[in-house]
Amino acid sequence: MFGYVRACKPELRVKEFEMYKAVYCSLCRHLGRRYGILSRLTLSYDFTFLALLKMSFDPQFAGLERKACFFCPIKKCNYCKDAEDTFDFPAAAAMVLLYYKIEDNILDEKGVAKWKYYLMRLSFGHSHKKAAKRYPQLETIGKRYFEAQQALEAAACEDLDRACEPTANMLKQLLSFCSRDPCDRHELERLGYCLGRFIYLLDAARDLPDDFKTGAYNPLKAGMPEGVKSEDYARERVTPQLYVCLSQMQQAFEGLQIMKCKDILGNILYLGLEETMQKELNA
């Protein structure tokens, strides 16, 4: 994903902040154990959100423990105890989606930048294969997302709703794995779909000025009046849609039967996403 799904840290209580950090550090540790040292460098708050969401439906939570940090051994961090099953899925999802993000960048970039992503594909190819073997359904989701996105870009699709669909459908399927309850899965699919639209729209708005310079594909290019700043045009066009996505995500969240971490997840969905949106659109 893109690093947009973050908590509003000043609004977290101390115990919530400690849990948020513990989930982040636990995911980092699991990535390193399962996929090697380099995988730790790919850690993002997007997959911390996925881990939190999966943990929220797990009744068997054994609490926290303090252990040395891998990057700074003299520092102690909180980790989630006996939570391998919780973090295995988000870690595998991170590796699969990273691989297809690299593939997308190889097709989009030119010159030296393209070779950088060739090296990254070589570095993370084994991790991708390992994650795909553990979770074939994740590989299917990632591949379909990549192929659908490439088809839209090749056709220079100017329909913003259609352009959002691959990311929206990918997250719809991804979040549905967080619970086995049919009612929860329905709400998780709704949450994931709206989150995918939110992420795609925000990323397109943020990238529009650069995409005009480089000639890269961006569905927001269509219909832009002459003499208008691309930043202003992007902000005006996507802001109403982003607020609709936020509202629908919050409604879906309220329909979930969450057992734990509800305050942290609520912080992300009610405060963190809007904070990120305002920051990115007004940068």
Side-chain angles (χ1 to χ4, degrees), residues 1-5 42 44-47 49-50 53 89-90 92-109 114 117 120-121 124 128 131-132 135-178 185-208 210-211 214-223 234 237-246 248-249 252 269 273 276-277 280:
M1 288 187 268
F2 301 86
Y4 296 142
V5 190
T42 70
S44 79
Y45 282 110
D46 293 337
F47 292 99
F49 171 75
L50 182 60
L53 197 56
F89 180 77
M95 291 298 97
V96 169
L97 294 182
L98 171 66
Y99 178 81
Y100 283 108
K101 177 64 176 172
I102 292 170
E103 289 282 13
D104 185 57
N105 287 338
I106 287 173
L107 293 175
D108 291 344
E109 296 291 345
K114 183 185 284 286
Y117 289 110
M120 287 183 67
R121 184 172 67 178
F124 290 102
H128 165 244
Y135 293 94
Q137 64 272 44
L138 279 177
E139 174 65 8
T140 301
I141 292 169
K143 189 174 182 179
R144 284 178 179 171
Y145 158 68
F146 172 72
E147 290 174 348
Q149 192 64 53
Q150 286 304 312
L152 287 169
E153 292 184 14
C157 175
E158 296 183 348
D159 186 324
L160 194 55
D161 287 332
R162 282 184 60 206
C164 291
E165 282 295 296
T167 309
N169 284 322
M170 180 267 289
L171 279 171
K172 172 184 175 180
Q173 295 174 69
L174 194 63
L175 265 61
S176 73
F177 286 99
C178 291
R185 293 193 75 165
H186 174 74
E187 295 297 344
L188 285 166
E189 288 178 350
R190 182 183 171 199
L191 173 59
Y193 184 86
C194 295
L195 180 59
R197 282 185 59 86
F198 179 93
I199 287 172
Y200 187 88
L201 288 168
L202 184 56
D203 196 60
R206 188 192 68 168
D207 289 348
L208 186 60
D210 290 336
D211 290 342
T214 63
Y217 168 75
N218 192 315
L220 287 174
K221 287 181 179 180
R237 190 166 175 197
V238 306
T239 298
Q241 295 191 52
L242 289 172
Y243 274 112
V244 170
C245 291
L246 283 174
Q248 293 182 353
M249 278 188 275
L269 293 171
L273 288 175
T276 300
M277 179 186 80
E280 295 295 338

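Worth knowing before you read on, the calculation uses all heavy atoms, side chains too, and leaves out hydrogens, waters and symmetry mates.
- Within the 4.5 Å cutoff, the side chain of Leu269 has no heavy atoms near those of the Leu246 side chain.
- Qualifying side chain to side chain donor-acceptor pair (under 3.5 Å) partners for Tyr99, counting only residues two or more places apart in sequence or in other chains: Glu103.
- To the nearest 0.5 Å, the span separating CZ on Arg197 from CG on Leu242 amounts to 9.5 Å.
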I'd like to know whether Val5 forms a side chain to side chain contact (heavy atoms under 4.5 Å, CB included) with Ile199, so could you lay out the CA-CA distance, the side-chain angles of the two residues, the decisive distance to 0.1 Å, and finally the verdict. CA-CA 8 Å; Val5 190; Ile199 287 172; 4.0 Å; yes
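- The side-chain heavy atoms of Met120 and Ile106, taken from C-beta on, include no pair separated by under 4.5 Å.
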What do the steps show when you test Met277 against Tyr243 for side chain to side chain contact (heavy atoms under 4.5 Å, CB included), and what is the final call? CA-CA 10 Å; Met277 179 186 80; Tyr243 274 112; 3.3 Å; yes
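- The CG atom of Asp203 lies 8.5 Å from the OG1 atom of Thr167; values are rounded to the nearest 0.5 Å.
- The closest donor-acceptor contact from the side chain of Asp211 to the backbone of Asn218 lies at 3.5 Å or more, if one exists at all.
- Across Cys194 and Met249, no two heavy atoms sit closer than the pair CB-CG, 3.6 Å.
- With rounding to the nearest 0.5 Å, the separation of CG in Leu171 from CG in Leu97 is 8.0 Å.
- Annotation: cation-pi geometry satisfied between Arg185 and Phe177 (NZ/CZ under 6.0 angstrom from ring centroid, within 45° of ring axis).
- Proximity of a side-chain donor or acceptor of Asn105 to a complementary backbone N or O of Lys114 within less than 3.5 Å is not detected.
- Between Ala93 and Leu138, the closest heavy-atom pair is N-CD1, 3.5 Å.
- Heavy-atom neighbours of Lys143 NZ from other residues, nucleotides or ligands within 6.0 Å: at or below the threshold of 12.
- For Tyr117 and Asp108, the side-chain atoms include no donor-acceptor pair closer than 3.5 Å.
- Across Pro219 and Ala163, no two heavy atoms sit closer than the pair CG-CB, 3.8 Å.
- In terms of modelled atom types and a separation under 3.5 Å, the side chain of Lys172 and the main chain of Gly192 share no donor-acceptor contact.
- In this structure, CE in Met170 is found 9.0 Å from CD in Gln149, a value given to the nearest 0.5 Å.
- Nearest heavy atom pair, residue Ser176 against residue Leu188, reads CA-CB, 4.2 Å.
- Taking CG of Asn169 as the reference point, atom CD of Glu189 lies at 10.0 Å (rounded to 0.5 Å).
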Trace of the side chain to side chain contact (heavy atoms under 4.5 Å, CB included) decision for Leu50 with Tyr45: CA-CA 9 Å; Leu50 182 60; Tyr45 282 110; over 6 Å; no
Run Arg144 and Glu147 through salt bridge (charged side-chain N to carboxylate O under 4.0 Å, His left out) and show every step you take. CA-CA 5 Å; Arg144 284 178 179 171; Glu147 290 174 348; over 6 Å; no
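- Not one N or O on the side chain of Lys101 forms a donor-acceptor pair closer than 3.5 Å with the backbone of Val96.
- Electrostatic pairing of Arg162 and Glu165 does not count as a salt bridge here, judged by no charged N lying under 4.0 Å from a carboxylate O.
- Applying the ring pair (Phe, Tyr, Trp, His ring centres under 6.0 Å) rule to Tyr193 yields no partners; only residues at least two apart in sequence or on another chain are considered.
- Under the 3.5 Å distance criterion, the side-chain polar atoms of Tyr4 are left unmatched by any main-chain donor or acceptor of Tyr200.
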Evaluate the criterion side chain to side chain contact (heavy atoms under 4.5 Å, CB included) for residue pair Tyr135 and Thr140; output intermediate values, then yes/no. CA-CA 9 Å; Tyr135 293 94; Thr140 301; over 6 Å; no
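- Across every non-hydrogen atom of Leu202 and Glu280, the tightest pair is CD1-CB, 3.9 Å.
- Residue Leu201 comes nearest to Cys245 through the heavy atom pair CD1-SG, 4.4 Å, listed as atom of the first residue, atom of the second, then distance.
- To the nearest 0.5 Å, atom CZ of residue Arg190 and atom CG of residue Leu195 are 13.5 Å apart.
- Looking only at side-chain heavy atoms (C-beta outward), Pro166 and Leu152 come within less than 4.5 Å of each other.
- For the pair Asp104/Gln150, a side-chain contact is recorded, criterion being any heavy-atom separation below 4.5 Å from C-beta on.
- Between Tyr100 and Tyr145, the ring center distance fails the sub-6.0 Å criterion.
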